[in-house]
Amino acid sequence: MSTDTASTPRGTAADGDHWFTPEQHAFRRQVREFFAEDRVRKAVDALAEHAPREESGLLDVYRWLGERGWLAAAWPREYGGLGLSPVEAGIVLEEMILHGVPEDQHVLSIDTVGQFLLEVGTPEQRDRHLPPLARGEQIATVLFSEPHCGSDLAALRTAAVPDGDGWRLSGRKIYNQKSQFAEWALCAARTTDGPVKYHGITLFLVPLRSPGIVISPVWSMGDERFNEIVIEDVRLTRDHIVGGIDQGWDLLNDMLLLERTGMDFQAKLRRWLDSTIADARRTGRIREPAYAQRLVDLDARLEAGRALAWRMVRARAEGRADPVASAAAKWFVTQQSDELVRFGSEVTGLDGLLSGWDAEALDLGRPESVYRQSPAHTLASGTSEVMLHIIAASGLELFS
Amino acid sequence: MSATPDEITDLFTGELSATVRRMGDGPVAGGAPPEELVQAREAVWEMLGDLGLLHRVTDGTETPQELVEIAELMGRSLYRSLYQDTAAAAELIAAHGTAPAHRGLLDAIADGSAAVALAPRSAGTDDPAVPGALRLSDASGVLRVSGSRRFVPAAHEAELLLVVGTVPDGIALALVPADEPGVTLRRQYEISRGDFHAVELTEVPVLGGRLLTTPAQAVTAWRRTVARTRVRQAASLTGLAQGALDLAVERVKQRAQFDQPLARHQTVAFTLAALSARITAVRVLVEETAHTLVQRPDDELAACQSLFLAAELARDCAAQSLHLHGAHGMTEDADIQLFFRRAAVEALLWGTPAQLRASAADLL
């Protein structure tokens, strides 16, 4: 490698991001001190030493963050947070990723499922589910995609059929992650048939350890497996509904649009770029114009992406989130991913494509792993095409 | 009109092409590939020998059109073998090998009974045009070679290694039997799950007791070989791009989203159309370069330009075609991920685009 230490985006290194308050700068320093602790570094190093496809479930680092209330820093104290703003939550997420802590569980458990429950869950659902998520003691995931529908989620076929005072849920979900470790999943299912496919979808919080649920791996070229989940006749009650019957489509749109800040993606790309810059220094390629100019260009684009992502976070904190700008942030940041991994491999040459199984792999095979996982960025959390559609339809009003 | 035998075209584009694609996808780590894939690989190699493809290389009758077409077909089906390395070695041996052992080897290459792996890289960052250092010794009248090599393709299947290295008075072109006691092989595990090897050479006797040519003369010989190999590689990458595009076209016709096939969405259709147009342009450039090198074998500029354009095209096609497959494209069941992973390696093998651009800039 590359570098064992965390990446330091220019703003964070110099406390130079003008939009942070002095308290927020101080908070970042505290978070950095935590990640510099010996036990935390050892735990993160141990994760990096995992063989490809050796996936982790619950993480000690998450638990330690949870003990401080930092894992879900923006949640109220009663649910395990600190009642801070999305800015502090963003600082924790950014630092986590810059220090090499896997963020998938955070995005799924805290930013998606937990946030849904916080916004539209019942008091009972919040009391029961949010504290263990905030403590890092449980994982929650989402069951949205199906074999025949990804972006076109309204075409889903998983159905909850009325059964007395409840429902029986059946269907097939795919490309889900972490469900082998998760206790609960937020599942989108059809509850009412009608002429408009966007109507009649309900969100359920499904207990994954129920009889009738079979989770099977779908191996992918990434290190983390996908799962296929077959749900057969699982009994659910009103207590499992999140946000109201047939309200699922609106909720998904409102919540997911606002949740997309690009923060997780930009931090991940920044870590990769900093690693590439370190490799360019090590190999001397930083002094060759063919490499240096592209590194500078990528650095500029990631700085723009970071500024955009932070602007989205601040907008959320101020209650003026903008779905079009959020889509632009997600699109812009993830568009850099492909070029970044490709150019990174030019800097490292073939050595950077050796996998973690090879004794001579750079940085335990991380550059190779990053390369394999890169296509996921323009697919996950809404494809690039979906982001462009939002910008074209709602931003530019091209289709009206 | 195609200059390639129908059997070859059928093999790499017909029903067997899906099997050929999987033949080059080895185990993630350790273990051996499935026996049926090993046998299929041997059968394809035999077929190439029976059809006289390498014979046309050794006797110098392979036309530029054949060179490009065959490399493109192989790239399109992700065929992984020592064909390109053996062809490059055969051209060098035919031009410079004067020892009886060299002439005998040429006959064995022609009938498909000997394969050669090229070994110019001492590290993954090396530009093969500037081979890594090599040590020659001449103790007790036997010429021997020592050094380390990386990313040697299919070294475990090669009868010989053509070890290329920088020595004080030029470049050494040393053929060594791969089963000599001083040769040790270790498989390298990389993103394409191929069969690259790290090779350690310790005082290994050189075939025929001499280098293929003097180190001073080998400088030009190797430069020309690199240029021709870059054209073969560019053609292969153009084929890889076409293969990825073919899969994407098939997928978007079948997969419906938002009540119509993905192919009917203009953004999808135009993306694929643009890639197709780029493939057409790069293919023509590569063909022209192959012809040019016959007249002007030192035209390295055209070879560099062909290769970096083809390398970037292949990675673009593979990445965008995978994207259009959605999450399914990342699964092990989807062949498009084979193209994505393979393109990563093949695009760098004969020089990274940045290296090629720098070389081309010096030649402009």
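So you know, we letter chains A, B, ... as the sequences are listed, proteins then strands, and number each from 1.
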Can you tell me which portion of [X] sits under 4.5 Å from chain B's heavy atoms? Options are side chain, backbone, both or neither.
{"X": "A/Val347", "value": "backbone"}
{"X": "A/Pro147", "value": "backbone"}
{"X": "A/Ala376", "value": "both"}
{"X": "A/Thr348", "value": "backbone"}
{"X": "A/Arg225", "value": "neither"}
{"X": "A/Gln373", "value": "backbone"}
{"X": "A/Tyr175", "value": "side chain"}

Original post:
Is a donor on one side and an acceptor on the other found under 3.5 Å between the side chain of B/Thr238 and the backbone of B/Ala310?
Top reply: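 Checked: no pair found.
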
Original post:
So, B/Arg341 side chain and B/Ile191 main chain: donor-acceptor pair closer than 3.5 Å or not?
Top reply: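 Side chain of B/Arg341 to backbone of B/Ile191: a pair is present.
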
Original post:
Under 4.5 Å between any side-chain heavy atoms of A/Trp219 and A/Phe226, yes or no?
Top reply: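 A side-chain contact is absent here, since even the closest heavy-atom pair is not under 4.5 Å.
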
Chain A contact via [X] - side chain, backbone, both or neither, heavy atoms under 4.5 Å:
{"X": "B/Arg255", "result": "side chain"}
{"X": "B/His328", "result": "both"}
{"X": "B/Ala256", "result": "backbone"}
{"X": "B/Asp316", "result": "both"}
{"X": "B/Asp259", "result": "both"}
{"X": "B/Leu324", "result": "side chain"}
{"X": "B/Ala319", "result": "side chain"}

What about the rings of [X] and [Y], do their centers lie closer together than 6.0 Å?
{"X": "A/Phe265", "Y": "A/Phe332", "answer": "no"}
{"X": "B/Phe151", "Y": "B/His197", "answer": "no"}
{"X": "A/His377", "Y": "A/Trp331", "answer": "no"}

Top of [options] for chain A proximity - count of heavy-atom pairs under 4.5 angstrom:
{"options": "B/His265, B/Glu190, B/His323", "result": "B/His323"}
{"options": "B/Gln188, B/Arg150, B/Arg315", "result": "B/Arg315"}
{"options": "B/Ala361, B/Pro353, B/Ala358", "result": "B/Pro353"}

**OP:** Tell me, yes or no, whether the heavy-atom count around B/Arg264 atom CZ, taken from other residues, nucleotides or ligands under 6.0 Å, exceeds 12.
**Re:**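 Open: at most 12 neighbouring heavy atoms sit under 6.0 Å from CZ of B/Arg264.
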
Run the salt-bridge test on [X] and [Y] with the 4.0 Å N-O cut-off and return the result as yes or no.
{"X": "A/Glu228", "Y": "A/Lys173", "value": "no"}
{"X": "A/Glu224", "Y": "A/Lys178", "value": "yes"}
{"X": "A/Arg285", "Y": "A/Glu346", "value": "no"}

Using a 4.5 angstrom heavy-atom cutoff, name the option from [options] with the most pairs to chain B.
{"options": "A/Gly352, A/Ala155, A/Ala290, A/Cys149", "answer": "A/Cys149"}
{"options": "A/Arg294, A/Arg372, A/Glu288", "answer": "A/Arg372"}
{"options": "A/Asp152, A/Asp338, A/Thr383", "answer": "A/Asp152"}

Original post:
Once the angle between the rings of A/Tyr198 and A/Trp249 is folded into 0 to 90°, is it parallel (under 30°), tilted (30 to 60°) or perpendicular (over 60°)?
Top reply: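 Aromatic pair A/Tyr198/A/Trp249 classed tilted.
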
**OP:** Let me see the working for A/Asp223 and A/Ser369 under side chain to side chain donor-acceptor pair (under 3.5 Å), right down to the final yes or no.
**Re:** CA-CA 7 Å; A/Asp223 286 335; A/Ser369 168; 2.6 Å; yes

